[in-house]
Structures are given as structure tokens and as C-alpha cells.
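Below: the structure, in C-alpha cells.
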Amino acid sequence: MSAVIAGLGITEMGKVYGRTAAEFAADAVRMAAADAGLAVPDIDGLLTNTGISGDVGLGLQRDLGLRDLRLLSEIQAYGSSAGAMVQYAAMAVGSGMADVVACVFADAPLKDPSSGAGAAYAGAGRRPTGWQGLAAASGIYSANTMYALAARRHMRTYGTTSEQLGHIAVAQRAWAVRNPLAQMRDPITLADHQNSRWIAEPFHLLDCCLVSNGGVAVIVTSAERGADLSQPAVHILGWGQAHPGYVMGPGSELGLVSGAAISGPAALKMAGVTIADIDVAELYDCYTFTALLSLEDYGFCAKGEGGPFAASGALGPEGRLAVNTGGGQLSSYYMWGMTPLSEAVIQARGQGGERQAPRHDLVLVSGNGGLLDHHSTLVLSPNPR
């Protein structure tokens, strides 16, 4: 039994204060069910994932008033969790374990700066303790600094430059200009990127993802049931995961190869297609470098050529490859792996409006978690296998 994504719910996104992640999650599920033309009690499976705030869990069942669920679990693989949730939901539907599975991510790390709470970002100011403090004492204490090390290694190995990373940021902002859901819609230039302040060299501010409050949910069900629902069904043709288990030591490929090199071929093989067949790529982009590395590892360009590929103009609305058509996490909104997944559903349905890719028969979705530690890949299509 094949599975489809039949519903999509996206709450108000960005600097939305006064609501918890659990409230965003419940609203996103309700919106996804309504989008599919289903009632909330039709849901018999629920998979949850939460971000920094950490308050979306099994209790969401009660918040939604769901009874007698046949599937309920929290999934945690960080930014690869959305793809993993869809994979598990598809397997549950295919096996008959559940009929209608909601997959949801929500987060609310931003705090109203006018509330007197101090930092506008709830995670600001945290520092590791114990043995982890040894790295922090050297200045390595956040995702920014750790990804910066990975990017620097790629630069030294292949000659990748900051300007080449900047072309990714500029291209994605050009897509975001066309996206009414995006948080950042003012065009930027390469000079804007280069002049934005340093976060952790080689990353400028415009190399780094947004921080967002909000929630996103999708509904997974069978192709047979999806055919009778309100929205065009998005068929789940293939999937894969990879968890490299990199170590900070000699022999590690950290910064040179990501899990996309494993999960990508697995998903494409399952779907019965090749990377050359992909029309749209929705890539996890916590940093410009993450998108660049994924482009190489999926095979959109050769290893080490991600920088020149981005600088060629291939990635923007007028380019030859539709990448992160909503603006991605750099310019649209940061909902972990639900950012690329939600845009993939919109594109596969042909509902992208001004940003709609003309060819969208095959859409690849990637998720990345940890310090390139976890990866998930989906191949979606408006057409059945």
C-alpha cells in the first residue's frame, strides 16, 4: 500500500509571541487535517518532534482530544526528524498499522524583548559545563562555531570561498521575495552578504538561518484514501536515512562528506529515479555551507565543485536547478526539517504561486541534524510510481 502526503498545516511564523510550542503544534495539526478535508478525530497516528523549547511531546494527543491512537511516538533526529517522521508514517500506513498519521514539528525559542525577559532568543547565553567546557574555553561552544570549523575544512580542501557561499544566500533570498510566507523578503546582493557582520568565520550573518516561532504539520495516509481528499495527493516514492557518526579526530570526513551521500542514493533507488531526473531540490540549509555540501553529496555537482556551481547562478529563480524555492531556512522560516518538507509539498501540488517551479514532477527533500550527524531524504511526486 503506497502512502501520500494529503494535508499541510503552517501556522503564523516568525516573531509570534505569547504562545507555546505545544500550542503551535496543536494548531498546525488542526490546520493540516482541515487542509486535507479530514476531521481531527480521523487521525489515528501521531508523530511529534520539538526544537529548542522542547515542550511538544506525547501530551499533544490530549491537547488535540485524540482517543485510542494506534500509533504515538516522539521522533528525535534533530533537523532530519521531519523526513524520518514521514518515512515512519508511510511504513505505518503501508503495513496497516495506522490509516491517518499526523507528523508535526513546533518550536517557540523567541521571547518578546519587551517582556523584560532579557535576551530575545531563549537559547542565548547558554554555555556547556563539565568536560564539554574544555571546547568552549577554546571558543567552540555552539552550532555556529562547529559548523564554521566544518566549512573551513571544505574551504581549505577544495578552495571554496565566502563569496561562493554568499551566492547561495542571495539566490535563496531571491526565491523568498516571491514567497508571502517568508520572514525575509527584501532582496540582497553579494555585497550585502559580504558586509554583514561576522558570526563565526567563515560565516557572516547572512550565511546563518533564521530563528522562528511556529509549527508545521503534514498528514500521511494511503494513496487510495488520499485520492478522495481535498488536496492533490503528494506521493512518497522513496526515502533513506544516514547517521555517519563522525568523530572529532583523525580520519573523520566531517566537513567533506555528509549523510546525503548515503541517504540520497537510497531514496533515489527506492523511487526508481536518478539525480538527473529531479526537478526541485528542497535542501536543509541551517547554513549556506550545509546546502552547498548537500548539493555535492546528492550529485547535483561534483565533489568540491559546490562553490563554483552556486556562483554560476544555477540556484536562483532564473537558474537551471530550482533549489529552496521558498527561501529556505536562511530567508523563509526555520522549522528544522519541516521547512524543506513544507515547501516540497507546496511545489509538488503546483501551489507555489509566483515561486512555482514550472517542472515539479520529482521533488527531493533533505533533512540534516546535529553537526552533520543525521540525514534524511525523501523523493516526492504529484504522480504515483
Side-chain angles (χ1 to χ4, degrees), residues 75-81 83-84 87 127-165 168 198-203 207-209 239-270 275 281 283-310 329 336-337 340 364-378:
I75 303 296
Q76 184 57 279
Y78 304 106
S80 69
S81 300
Q87 294 171 29
R127 294 292 185 270
T129 59
W131 289 108
Q132 292 181 339
L134 292 175
S138 301
I140 304 171
Y141 59 85
S142 70
N144 292 332
T145 50
M146 290 187 287
Y147 270 91
L149 284 174
R152 182 63 73 190
R153 186 181 190 194
H154 195 278
M155 288 175 155
R156 290 184 176 179
T157 303
Y158 298 114
T160 307
T161 68
S162 172
E163 289 83 359
Q164 290 169 341
L165 294 178
I168 295 174
W198 290 111
I199 299 300
E201 291 190 51
F203 293 149
D207 285 304
C208 304
C209 65
W239 59 72
Q241 290 186 34
H243 306 274
Y246 293 129
V247 295
M248 292 288 192
S252 173
E253 291 185 304
L254 179 66
L256 304 180
V257 181
S258 75
I262 297 173
S263 67
L268 292 166
K269 181 179 180 180
M270 183 177 179
I275 198 65
L283 306 179
Y284 197 93
D285 58 325
C286 48
Y287 302 93
T288 49
F289 170 68
T290 315
L292 181 147
L293 192 62
S294 298
L295 286 167
E296 293 180 351
D297 290 340
Y298 279 124
F300 289 110
C301 61
K303 176 53 64 179
E305 295 184 7
F309 184 63
Q329 298 171 120
W336 280 14
L364 183 143
V365 187
S366 81
N368 165 77
L371 181 56
L372 303 169
D373 294 309
H374 312 286
H375 212 95
S376 63
T377 304
L378 298 171

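Quick caveat, the model's predicted, so the values are computed rather than measured. Just the heavy atoms: all of them, side chains too, but no hydrogens, waters or symmetry mates, feed the values below. For this chain, numbers begin at 1 and follow the sequence in order.
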Heavy-atom pair of closest approach, residues [X] and [Y]:
{"X": "Gln87", "Y": "Ser376", "result": "NE2-CB, 3.8 Å"}
{"X": "Gly240", "Y": "Ala267", "result": "N-CB, 3.9 Å"}
{"X": "Ser162", "Y": "Met155", "result": "N-CE, 3.6 Å"}
{"X": "Leu372", "Y": "Ser258", "result": "CD2-CB, 4.4 Å"}
{"X": "Pro308", "Y": "Gly304", "result": "CD-O, 4.4 Å"}
{"X": "Ala84", "Y": "Ile75", "result": "CB-CG2, 4.3 Å"}

Partners passing side-chain hydrogen bond (donor to acceptor under 3.5 Å, both in side chains) against [X] (at least two apart in sequence or in another chain):
{"X": "Lys303", "answer": "Glu296, Asp297"}
{"X": "Tyr298", "answer": "His375, Thr377"}
{"X": "Asp285", "answer": "Gln172, Gln329"}
{"X": "Gln76", "answer": "Asn49"}

Task: Pro244: side-chain contact (heavy atoms from CB on, under 4.5 Å) partners, not counting sequence neighbours - done: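 Residues passing side-chain contact (heavy atoms from CB on, under 4.5 Å) with Pro244: Tyr246.
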Task: Pairing residues for Ile262 by the side-chain contact (heavy atoms from CB on, under 4.5 Å) criterion, not counting sequence neighbours - done: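 Per chain and number, Ile262 pairs via side-chain contact (heavy atoms from CB on, under 4.5 Å) with Ala242.
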Output all residues satisfying ring-ring contact (aromatic ring centres under 6.0 Å, His included) with [X], sequence neighbours left out; order by chain, then residue number.
{"X": "Phe289", "value": "His154"}
{"X": "Phe300", "value": "none"}
{"X": "Tyr78", "value": "His374"}

TODO: For Ile275 and Leu364, run side chain to side chain contact (heavy atoms under 4.5 Å, CB included): C-alpha distance rounded to whole Å, both residues' side-chain angles, the deciding distance at 0.1 Å, then the answer.
DONE: CA-CA 9 Å; Ile275 198 65; Leu364 183 143; 4.0 Å; yes
Task: Spacing of Leu256 atom CG and Thr157 atom OG1 [to the nearest 0.5 Å] - done: 4.5 Å
- [ ] Using side chain to side chain contact (heavy atoms under 4.5 Å, CB included) as the criterion, point out the one residue from Leu165, Asn144, Leu293, Ile199 that pairs with Tyr287.
- [x]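 Only one option passes, and that is Asn144.
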Task: Summary of salt bridge (Lys or Arg N to Asp or Glu O under 4.0 Å) pairs that have at least one residue in residues 147-159, sequence neighbours excluded - done: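 Not a single pair qualifies under salt bridge (Lys or Arg N to Asp or Glu O under 4.0 Å).
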Open item on the list: Going by side chain to side chain donor-acceptor pair (under 3.5 Å), name the pairs with one or both residues in residues 364-373, residues two or more places apart or in two chains.
Closed with: Tyr147-Asn368
